[in-house]
Amino acid sequence: MKQTPKEKIKFLKEVLGTRYPEPRSELLFESPFQLLIATILAAQATDRQVNIITRELFRAAPDAKSLSLLEPESILKLVRSINYCNNKAKNIRSVSIILTEQYAGKVPETREELEKLPGVGRKTANVVLAAAFHQPVMPVDTHVHRVSNRLGLCHTSKVEETEAALIAIIPEPWVVDFHHYLLLHGRYTCKAKKPDCPTCPLATICPSTGKTTS
DNA sequence: AACTCGGGGCA
DNA sequence: TGCCCAGAGTT
């Protein structure tokens with residue numbers, strides 16, 4: 001069963017949406033600022049953790065200025081239950097101050113500016129650019145990278161090349177959801193060490209099925 | 001390239 | 001219980 005990358009994407013869209021929970025896009029799109037903060041907090045954390053924390057956090061401080069005015073201890077208390085809470089509390093406070101003082105409280109719309117913010121790397125920047133500003137960029141983490149290569153959507157060890165390959169074949173409105181679903185798929189099924197091919201809904205189109213590759 | 005941060009999820 | 005990270009920053 002040979003399929004073009006675009007045909008595979010269409011198949012993924014149909015199948016993965018029924019296997020994994022839907023992304024909480026209504027929260028993510030409340031404002032670019034809240035998306036940015038939630039994405040910073042999301043590193044090495046779960047959706048559930050982030051949803052719980054951000055609900056409280058954004059009730060206390062819905063925008064950059066109000067977050068910048070909170071005491072550091074108050075912010076730490078709000079994010080204490082998440083991993084790397086000390087770093088993240090410090091980072092989101094610094095980010096809110098920088099945005100307030102240098103960007104009139106708004107989120108910059110270039111990757112160069114975003115990556116200068118503490119706690120924001122390439123992946124987080126791309127999430128914001130794609131989800132909040134609808135720019136044609138693809139967020140790629142270790143899961144998306146690994147799964148994409150196994151599926152034959154790309155053949156590279158370089159994240160930048162995976163980004164380029166994916167953005168070329170994924171319909172723009174589905175980029176953010178694609179990232180969400182492939183991340184979950186990589187986490188729970190297409191695992192790094194023991195991929196669960198027997199229960200994988202993509203096995204029929206996946207050239208790596210049955211191969212215990214890396 | 002290797003190491004750190006560090007609570008949670010999962011086997 | 002123990003292992004492995006939904007990254008980013010530092011060395």
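A note on names: the letters A, B, ... follow the listed sequences, proteins ahead of strands, and every chain is numbered from 1. In this text, all values refer to a predicted model and were calculated from it rather than measured experimentally.
- Rounded to whole Å, the separation between the P atoms of dA2(B) and dC5(C) comes to 16 Å.
- Each salt bridge (Lys or Arg N to Asp or Glu O under 4.0 Å) pair with one or both residues in residues 117-142 of chain A, not counting sequence neighbours, appears once here: R122(A)-E163(A), K123(A)-D141(A).
- Remark: C154(A) engages S148(A), N149(A), T156(A), T162(A), A165(A) in a side-chain contact (heavy atoms from CB on, under 4.5 Å) (not counting sequence neighbours).
- Rounded to whole Å, the P atom of dG7(C) lies 15 Å from the corresponding atom of dC10(B).
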Identify all side-chain donor-acceptor contacts of residues 76-83 of chain A below 3.5 Å with residues at least two apart in sequence or on another chain.
from   : atom 1 : to     : atom 2 : distance (Å)
N83(A) : OD1    : K88(A) : NZ     : 3.4
N83(A) : ND2    : Q44(A) : O      : 2.1

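- For the residue pair D196(A) / T199(A), a side-chain donor-acceptor distance below 3.5 Å is found, with atom types taken as modelled.
- Applying the ring pair (Phe, Tyr, Trp, His ring centres under 6.0 Å) definition to pairs two or more places apart or across chains, none involves residues 190-210 of chain A.
- Residues in residues 101-111 of chain A take part in no salt bridge (Lys or Arg N to Asp or Glu O under 4.0 Å) pair, two or more places apart or across chains.
- Sequence order on DNA chain B of the closest nucleotides to N86(A) and Y188(A) puts N86(A) first from the 5' end.
- Residues passing the side-chain hydrogen bond (donor to acceptor under 3.5 Å, both in side chains) test with H185(A) are Y20(A), sequence neighbours excluded.
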Nucleotides 7-10 of chain C: which of its N/O atoms have a protein N/O under 3.5 Å away?
from   : atom 1 : to      : atom 2 : distance (Å)
dG7(C) : OP1    : Q44(A)  : N      : 2.6
dG7(C) : OP2    : K123(A) : NZ     : 2.8
dA8(C) : OP1    : G121(A) : N      : 3.3
dA8(C) : OP1    : T124(A) : N      : 3.1
dA8(C) : OP1    : T124(A) : OG1    : 2.4
dG9(C) : OP1    : G119(A) : N      : 2.8
dG9(C) : OP1    : V120(A) : N      : 3.4

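- From the 5' end on, the contacts that DNA chain B makes with chain A at under 4.0 Å to a non-hydrogen atom open and close at dC5(B) to dC10(B).
- dC3(C) atom C1' lies 12 Å from atom NZ of K194(A), rounded to whole Å.
- Annotation: dT11(C) and dG6(B) have their P atoms spaced 16 Å apart (nearest Å).
- The list of salt bridge (Lys or Arg N to Asp or Glu O under 4.0 Å) pairs with a residue in residues 57-74 of chain A, not counting sequence neighbours, reads E56(A)-R59(A).
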